[in-house]
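In what follows, every heavy atom counts, from backbone to side chain, and hydrogens, waters and symmetry copies are set aside. Sequence lines set the chain letters: A, B, ... in the order given, protein chains first and strands last, and positions in each chain run from 1.
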Protein chains: 2
Amino acid sequence: MIKHSEAKVRKPRYVRLAQQLAEAIRKGTYGLGECLPPEVELCRIHGVSRHTVREALRQLDEMGLISRRRREGTTIRARSSRRRYTASISTMADLFQYVRKPRYRILSERLVSAGAKTAALLGCKRSERWLKFEACRYHAGVAEPISFTEFYVRPAYGDVGASLRKRNPLIYSFIERHVDERVIEIRQKVRATAVPPEAARLLRVKPLSPGLYVSRRFLVHGNRVIAGSVSIYPENRFEISLDWRVEWARD
Amino acid sequence: MIKHSEAKVRKPRYVRLAQQLAEAIRKGTYGLGECLPPEVELCRIHGVSRHTVREALRQLDEMGLISRRRREGTTIRARSSRRRYTASISTMADLFQYVRKPRYRILSERLVSAGAKTAALLGCKRSERWLKFEACRYHAGVAEPISFTEFYVRPAYGDVGASLRKRNPLIYSFIERHVDERVIEIRQKVRATAVPPEAARLLRVKPLSPGLYVSRRFLVHGNRVIAGSVSIYPENRFEISLDWRVEWARD
DNA sequence: AAGTGGTCTAGACCACCGA
DNA sequence: CGGTGGTCTAGACCACTTA
């Protein structure tokens, strides 16, 4: 069996120290709730400078294994940790990732009653009434739309109509405005699709050519859906980019 | 040095320095993609030791404002760090969202030198050497593959070969194994694509039919790419699902 | 060869707080 | 007061990568 090839890579002293300490904690050498030796003592024990010890402790801290307080010492908080990855976005605009002043063109606005597909999208019952918008999004100065979107919102939130009709508005501007108080979750699905003929005409691509299908549900407290959308993005006009960063979670 | 002992509520020097730098970045004094001055230069400018500078930079790094690389310098990656929505996954398997015992079939394994496309995918220079795998993924009992994947890994991590060849392995099992110490970030891009003829044959779909194109980079500490992949998912075989939850600001 | 961030040492004083 | 972690200085060498 092939051996690991990391023998040649010598890890920094503080990393090795952190691993040693984590292992000791895992094995119970230092028990939950107890304290690690003081930093200066760890220096003496392991024969390193305090900076190195603190760097190692910082790693354990980030992993959630220990917590440190002046005077009180370094307390064991958990015996092991595992990683999870987190992706963050800072604004709704990031979620939709529109660069360079996108423009909207609202194509239609009407009250509809949900059919099977819409009900599935919104997680509602059939024949429920929703306000439906159809829109295309553009980059300024580019004739071809970036996307075609069907947007549904509960009639109770129908003030969206007013905000949508104003000066090339962001379709989600009303959600942006309500987001701090209302929308607590967005559920998004992405899959490949063949662009339907009607959308293809608007998007100026060949019918059934490749496209991105993105559906979103906007939920408020209590898992109530207040809005939902389906967007179609043709090939080469849009890309979803996501950075996952590691985050430590205690067991 | 009996310097700054006047005010009692005074924040640590490195915190103030971090705030100064964050403000400068926000205002555009240092633009996106540009570099901050070298650490020693920052020491001179602000009249502090390198340790203090590094502590400040570490804060900016944690906020996601900068990234640092030997020789290359400290580059600005974002202008502000407000995060509102977060999507979490707990394991790599969640990222790849494979339900019900997926199976792998490795089609090829060879050492390649990066061409333009591969270099772009991996963020490396052309003609760098990488270990390349081609594979298809299946649901048990289903003849049609879920996806076709090209997977690249640095030869130094080549023990992946052994783990891949074993009993229908998860292609990323080696990353799972190394994850605790190594992979701290995954950058993912998703877009629509027409399935290329070769992939189409393997996937048993018509050439140029709609597909999902997903590229991923796996980064370790220091923003080094240790692996990357491109996967093609035909229509109706796969869906990426993401839940964004609001995260209350902790300013 | 030069210059970057990464690591590490040795030592200092400070802020906090229970004994 | 003593002893903890928190902050900071001054300086050193290393690893890496582009020119």
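- Identified under the ring pair (Phe, Tyr, Trp, His ring centres under 6.0 Å) test for residues 56-76 of chain A, with sequence neighbours left out: none.
- Contacts classified as salt bridge (charged side-chain N to carboxylate O under 4.0 Å, His left out) and involving residues 45-58 of chain A (residues at least two apart or in different chains) are given here: A/E39-A/R50, A/E39-A/R54, A/E55-A/R58, A/E55-B/R58, A/R58-B/E55.
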B/S/- contact track for nucleotides 5-12 of chain C, protein heavy atom under 4.0 Å: BBBBB--B

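- For B/E128, the salt bridge (charged side-chain N to carboxylate O under 4.0 Å, His left out) partners two or more places apart in sequence, or in a different chain, are B/R154.
- With sequence neighbours left out, the salt bridge (charged side-chain N to carboxylate O under 4.0 Å, His left out) criterion links B/R217 to no other residue.
- Within the structure, every pair that satisfies the ring pair (Phe, Tyr, Trp, His ring centres under 6.0 Å) test and touches residues 39-81 of chain A, not counting sequence neighbours, is listed here: A/H51-B/H51.
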